[in-house]
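I have placed the structure first, in the form of structure tokens, so that the comments after it can refer back to it.
Bear in mind the structure is a predicted one, so any value in this text is a computation, not a measurement.
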Amino acid sequence: MTATFRVGIDLGTTHTVLACAPVAGGPIEVFPIPQTIAAGQVAPRPLLPSLRFHPAGGALAAADLALPWATDDWAVLGAFARELGQQTPGRLVASAKSWLSHPSVDRTAAILPWGAPDDVPKISPVDASASYLHHLRLAWDHAHPQAPLAEQEIVLTVPASFDEGARQLTLQAAALAGLAAVHLIEEPQAAFYD
């Protein structure tokens, strides 16, 4: 299938954002990302905070996290994750992207949230990064059912400081999110093109 959109994704340390433009020409637009912003409340935001909150069993009802699409992720992502993380420290995954370039740890091991008690479920930096990209894919596909994100021309930014290992882990995260055909571009180069 031929791509309908050119898509740029900044998988950021603090925020993730998606911008797009029609392949046929037209303005670049920031995609409003639906996310849970409070218990039972979903709203689009231009940025998805790159945060995951791992709630205790039974702490939240399914209705508290209802998104307009089906998902099997049990964690809270985005704006509501930030709020919950402020209320309950030790259950918030932050800076997953930075962990991808940390050579002193196994970046594919379930180590986040870092320093969390043993009863808190953990996730790898790769899987955490994949969860943000997966959320973007589900949100995009919900808004564009005729043009699924996996079929678009996708550029994903990485820091210039990322070594080959961190770049490969970023590609692995994209593949886990169902975005196997992405092109990596370094952030300074992306800023130049902008």
Side-chain angles (χ1 to χ4, degrees), residues 7-19 33 35-36 47-57 65 71-86 88-141 149-150 152-191:
V7 176
I9 298 173
D10 181 10
L11 174 63
T13 302
T14 56
H15 292 92
T16 297
V17 64
L18 184 154
I33 305 165
Q35 58 195 280
T36 306
L47 301 172
L48 176 72
S50 300
L51 299 168
R52 287 178 59 93
F53 182 79
H54 295 184
L65 306 175
T71 181
D72 57 357
D73 198 340
W74 48 268
V76 181
L77 302 178
F80 193 34
R82 178 177 41 226
E83 180 184 323
L84 292 170
Q86 291 170 348
T88 311
R91 294 186 164 273
L92 186 69
V93 173
S95 304
K97 177 180 158 184
S98 294
W99 284 98
L100 290 177
S101 64
H102 198 304
S104 299
V105 298
D106 180 353
R107 296 160 285 184
T108 61
I111 60 171
L112 301 176
W114 187 257
D118 291 340
D119 66 327
V120 175
K122 301 204 177 41
I123 191 168
S124 75
V126 171
D127 289 332
S129 298
S131 71
Y132 310 135
L133 294 172
H134 186 248
H135 183 94
L136 287 183
R137 184 175 67 80
L138 294 175
W140 174 277
D141 291 354
L149 187 57
Q152 307 314 306
E153 295 177 12
I154 303 172
V155 173
L156 181 61
T157 63
V158 293
S161 62
F162 264 23
D163 63 13
E164 188 56 31
R167 294 170 69 85
Q168 288 304 314
L169 291 170
T170 303
L171 289 171
Q172 183 180 342
L176 288 170
L179 305 174
V182 300
H183 176 73
L184 296 183
I185 187 170
E186 293 180 352
E187 290 164 354
Q189 188 178 4

- Message: Test: ring pair (Phe, Tyr, Trp, His ring centres under 6.0 Å). Region: residues 102-130. Which pairs qualify, not counting sequence neighbours?
- Response: W99-H102, W99-W114
- Query: Rounded to the nearest 0.5 Å, how far apart are CG of L65 and CZ of F80?
  - Reply: 6.5 Å
- Task: Report yes or no: does T88 contribute a side-chain atom to a donor-acceptor pair with the main-chain N or O of G85 at less than 3.5 Å?
- Result: no
- Task: Output all residues satisfying side-chain contact (heavy atoms from CB on, under 4.5 Å) with D119, sequence neighbours left out; order by chain, then residue number.
- Result: R91, P117
- Query: With D106, which residues qualify under salt bridge (charged side-chain N to carboxylate O under 4.0 Å, His left out), at least two apart?
  - Reply: none
- Query: Can you name the side chain to side chain donor-acceptor pair (under 3.5 Å) partners of S124, sequence neighbours left out?
  - Reply: D127
- With sequence neighbours left out, what residues match E83 under salt bridge (charged side-chain N to carboxylate O under 4.0 Å, His left out)? none
- What residues form a side-chain contact (heavy atoms from CB on, under 4.5 Å) with S129, not counting sequence neighbours? L11, A96, L100, A173
- Answer whether the closest heavy-atom distance between the side chains of L149 and L18 falls below 4.5 Å. yes
- Any pair counted as salt bridge (charged side-chain N to carboxylate O under 4.0 Å, His left out), so long as it reaches residues 94-104, sequence neighbours left out: K97-E187
- Got a sec, which pairs hit side chain to side chain donor-acceptor pair (under 3.5 Å) with one end in residues 166-175, sequence neighbours left out? E164-Q168
- Of all residues at least two apart in sequence or in a different chain, which pass the side chain to side chain donor-acceptor pair (under 3.5 Å) check with S131? R52
- Message: Could you check whether any side-chain heavy atom of V158 comes within less than 4.5 Å of a side-chain heavy atom of I185, counting everything from C-beta outward?
- Response: no
- Query: To the nearest 0.5 Å, what is the distance between CD1 (I9) and OH (Y132)?
  - Reply: 14.5 Å
- Please check if the side chain of R137 supplies one atom and the backbone of L179 the other of a donor-acceptor pair under 3.5 Å. no
- Task: Taking the side chain as every heavy atom from C-beta outward, state whether L84 and L92 have any pair of such atoms under 4.5 Å apart.
- Result: no
- For S50, which residues count as a side chain to side chain donor-acceptor pair (under 3.5 Å) partner, sequence neighbours excluded? T16
- Could you walk me through whether L176 and V126 pass the side chain to side chain contact (heavy atoms under 4.5 Å, CB included) test, one step at a time? CA-CA 9 Å; L176 288 170; V126 171; 3.8 Å; yes
- Would you indicate whether the side-chain heavy atoms of V7 and W140 approach each other to under 4.5 Å? yes
- Item | Partner set under side-chain contact (heavy atoms from CB on, under 4.5 Å) for A116, not counting sequence neighbours | P113, V120, K122
- Taking all non-hydrogen atoms of both residues, which atom of S98 and which atom of T13 are closest, and how far apart? OG-CG2, 3.4 Å
- Applying side-chain contact (heavy atoms from CB on, under 4.5 Å) to Q35 and not counting sequence neighbours gives I33, I37, R45, L48, P49, A79, H135
- Message: Just verifying a value: how many Å separate L133 CG and L138 CG, rounded to the nearest 0.5 Å?
- Response: 11.0 Å
- Query: Can you list the steps and then say if H54 with W74 is a side chain to side chain contact (heavy atoms under 4.5 Å, CB included)?
  - Reply: CA-CA 8 Å; H54 295 184; W74 48 268; 3.5 Å; yes
